[in-house]
Amino acid sequence: MASVQDTLRDRLQAALGAAFGDEFAAIDPVLGVTTNPKFGDYQANVALPLAKRVGLPPREVAAKVVAALCIDDICEVPEIAGPGFINLTLKPAFLEAQLRAIAADPRLGIPTVLHPQRVVVDYPSPNIAKEMHVGHLRPAVIGECLARVLEFLGHDVLRVSHVGDWGTPFGMLIAHLRSEYPTALDADSDLSLGELSTFYREAKQRFDADEAFQDAARLAVVQLQAGDAETLKAWKIVCDLSKRSYRLIYDLMGVSPEICDRGESFYNSMLSAVVSALDAAGLLVENQGAQCVFLEGYTNKAGEPLPMIVQKSDGGYNYATTDLAAIRYRIQEDKADRLVYTTDVGQSNHFAQVFQVVRRAGWVPETVELVHAPFGLVLGEDGKRIKTRSGDTVPLKDLLEEAIARTRTDFQQRLQTEERSESEDFIEDAARTIGIGAVKYADLSQNRTSNYIFSYDKMLALQGNTAPYMLYAYVRVQGISRKGNIDFDQIASDLPISLEDEAERVLLKHILQMADVITQVSEDLMPNRLCQYLFELSQKFNQFYDRCSVLDAPEPQRTTRLLLCHTTARTLKLGLSLLGISVLERM
RNA sequence: GCGCCCGUAGCUCAGUGGAUAGAGCAACCGCCUUCUAAGCGGUUGGUCGAUGGUUCGAUCCCAUCCGGGCGCGCCA
């Protein structure tokens, strides 16, 4: 079923065509939810920009649109207000029919897209042999959310992680392990990633200080690239160990198991072809021994044209080359229609440059969209880049476990003051769901592009725009079902319903906006809009809950309210699941 | 020097070419014999960094400036 807003838009366009001619049937009616409930439910502002074009005062334009508008099955008689706003108010009978329809629809009335796209979403790209850290929080949380939203709308999503698994760092690591910890490279060693990352740091230090070791490391790289069996085996052990430990963290966070690992090594064999293709496209220029593409619109500090180096003077390739190869592969082999890169805002220049080069090379068909969805930094409470007390980067695992631990402590305290007794399993499950949900929600509810301050106290706060607040709204509905012994799925669909309280209508009208919000998130890739929507939904539900008793209400209010409760809970659950957050039945 | 991002209530932040710029927190005042009060209602709080411009209309678009952050050739 089409969303209310889409239906209204269609009707308005038909009216525009009827009133002013067919060429006006495709213009944007500038339709939106009203800025104030006293103006009705939706407002169309099309008359104002149209006035000049058709040579009539805005209010007369609005009058002509309204005269041609057929919506009496949906809305009350439209009102023309102010300078020429067309205000629309949904009819109670229409609202009741909508409630029935979405209550009966597994998708809550949210349609899938007409033209599904193949979308590649970029996931965090940790470096093999290093632990995941705070820097991987946002790409994991935001990437997962975007992937889920797109998938729910019917797009074909491919999640790809561009892990750092190739090049000099691995030569270093393997050379170091060979000489110092040869047993680590046995297939059955029980090396942990923590130990591995220590070796990595040692290897880096040694590389910077010891020339003989540099040679050993370079030899290992050459052996790796040449496909030497022993070296490859060592490399594979390191990769497998790293990926297993990333999976543990992803599982804790509820990140999809569908991630396709395509590290830098994956593109290794394609890099020379990328460079020749750039040459064939006439973009390649040799400069100081390096193969470059000179960028349009970028200069270096001296004001000279800035090159993107795609092959170093020593013949090696760098990250730009790999990114170019990845884009080419995603378009040519994956047949992607849209490439979404979720990385920190500091890489904006890099992506703008890479996108420019692939476009100039002619690798990007008109129909393919390349989009960098940048995010801001996670800051500590001091407003600076988040660090441990000793100044190191914070491991992601520690950050998540701290959130769970704090939630557990708060929760136990609360149980004590309320003199409740709950099982260990219940407490553990609640602490994990709330703690992880709080971290993810705090991240997603912020405007993606701005930095945010990571504060356990704020994200775990029981009131305000937080995960606990929303989970509580969901729990309240489940409380009603328990108390009243209601099986929501068994509510007969033919019982009479009637919306009588303003709080009921306000709640339902908000629920009916879910489809538009999800569509918007799929377009502008801003999850905070969905968070805002869910927060307002929770608020409106709590107002309804406060004003309208459900179980004690006479019919038909009781059935109406039960349907509203169930539909609210399903909307919350769906919305939270699109954010990658799970719900609780009790808390 | 060039490029990008940001500047909105005491604090943290939404918002956006349209009607009176919103929320949360903090502060204060109310509401539990009633579906979990992790809730609800109310009060207080703004030259939307500055100045010009475009527009019927600008917090939003453009220009300049001020303040803060980030990036800028063989690392990723």
Side-chain angles (χ1 to χ4, degrees), chain A residues 30 32 34-36 38-39 43 45 48-49 51-52 57-58 81-85 87 125 127 162 164 167-169 264 287-292 294-295 297-314 316-320 322-323 343-350 352-353 374 376-377 383 410-411 414 418 420 434 445-447 449-453 455 457-458 461-466 468-469 471-473 475-484 486 528-529 531-532 535-536 538-539 541-553 561 565 586-587:
Chain A
V30 200
T34 51
T35 53
N36 187 320
K38 77 179 180 193
F39 301 132
Q43 63 182 77
N45 301 348
L48 294 107
K52 189 169 276 181
F85 303 113
N87 291 339
S125 306
N127 284 326
H162 193 87
T168 316
E264 291 163 346
N287 189 274
Q288 297 169 33
Q291 300 298 324
C292 308
F294 279 90
L295 297 161
Y298 293 89
T299 57
N300 64 15
K301 289 172 195 170
E304 298 153 350
L306 187 73
M308 170 183 290
I309 292 173
V310 295
Q311 187 168 22
K312 300 186 283 186
S313 50
D314 68 1
Y317 302 100
N318 56 20
Y319 74 112
T322 317
D323 277 339
T343 77
D344 73 276
V345 68
Q347 294 193 53
S348 296
N349 275 344
H350 169 66
Q353 292 167 0
L377 298 171
D410 289 353
F411 196 47
R414 184 180 162 75
E418 294 185 356
R420 284 168 61 187
I434 298 169
S445 59
Q446 208 80 201
N447 183 310
T449 56
S450 54
N451 297 345
Y452 78 98
I453 292 176
S455 159
D457 289 338
K458 287 207 168 133
L462 309 169
Q463 54 279 107
N465 188 6
T466 63
Y469 179 85
L471 293 173
Y472 180 62
V475 161
R476 282 183 133 180
V477 176
Q478 307 316 312
I480 290 175
S481 112
R482 275 193 302 277
K483 177 84 173 205
I486 309 287
N528 62 303
R529 293 182 189 280
C531 294
Q532 188 63 34
F535 177 52
E536 286 167 8
S538 304
Q539 282 182 315
F541 173 75
N542 279 327
Q543 286 155 6
F544 157 80
Y545 183 94
D546 210 51
R547 284 179 52 167
C548 306
S549 65
V550 177
L551 296 172
D552 299 339
R561 290 176 181 176
C565 284
R586 288 194 304 126
M587 64 191 277

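A note on names: the letters A, B, ... follow the listed sequences, proteins ahead of strands, and every chain is numbered from 1.
Between the side chain of A/Asn542 and the base of B/A37, no donor-acceptor pair under 3.5 Å is found. You won't find any donor-acceptor pair under 3.5 Å spanning the side chain of A/Arg476 and the base of B/A38, going by distance alone. The base of B/G41 does not come close enough to the side chain of A/Asp546 for any donor and acceptor atom to sit less than 3.5 Å apart.
Put simply, A/Asn528 has no side-chain N or O that comes within less than 4.0 Å of OP1 or OP2 on B/A14. A sub-4.0 Å separation between OP1 or OP2 of B/C40 and a side-chain N or O of A/Tyr469 is present. One finds a side-chain N or O of A/Tyr545 lying less than 4.0 angstrom from the OP1 or OP2 phosphate oxygen of B/A37. Between A/Lys312 and B/G73 there is no side-chain N or O to OP1 or OP2 distance below 4.0 Å. A sub-4.0 Å separation between OP1 or OP2 of B/C74 and a side-chain N or O of A/Tyr317 is absent. Regarding contacts with the backbone of B/A23, every side-chain N or O of A/Gln539 stays at 4.0 angstrom or more from both OP1 and OP2. Regarding contacts with the backbone of B/C13, every side-chain N or O of A/Asn447 stays at 4.0 angstrom or more from both OP1 and OP2. Between B/G39 and A/Gln463, a contact under 4.0 Å exists linking OP1 or OP2 to a side-chain N or O. Between A/Ser450 and B/A14, a side-chain N or O to OP1/OP2 separation shorter than 4.0 Å is present.
In this structure, CG of A/Asp457 is placed 14 Å from C1' of B/A26, rounded to the nearest angstrom.
Taking only side-chain atoms of A/Ser549, from C-beta outward, the nucleotide of B/C35, B/A19, B/U12 with the closest atom is B/C35.
Side chain of A/Thr466 to main chain of A/Ala461: a donor-acceptor pair is present (N/O by atom type, distance under 3.5 Å, no hydrogens or angles).
A/Asn465 pairs in a side-chain contact (heavy atoms from CB on, under 4.5 Å) with only one of the listed residues (A/Lys458, A/Gln446, A/Gln532), which is A/Gln532.
Syn is the classification of B/C32, since its glycosidic angle stays within 90° of 0.
Within 4.0 Å of A/Pro468, counting heavy atoms only, lies no atom of the nucleic acid at all.
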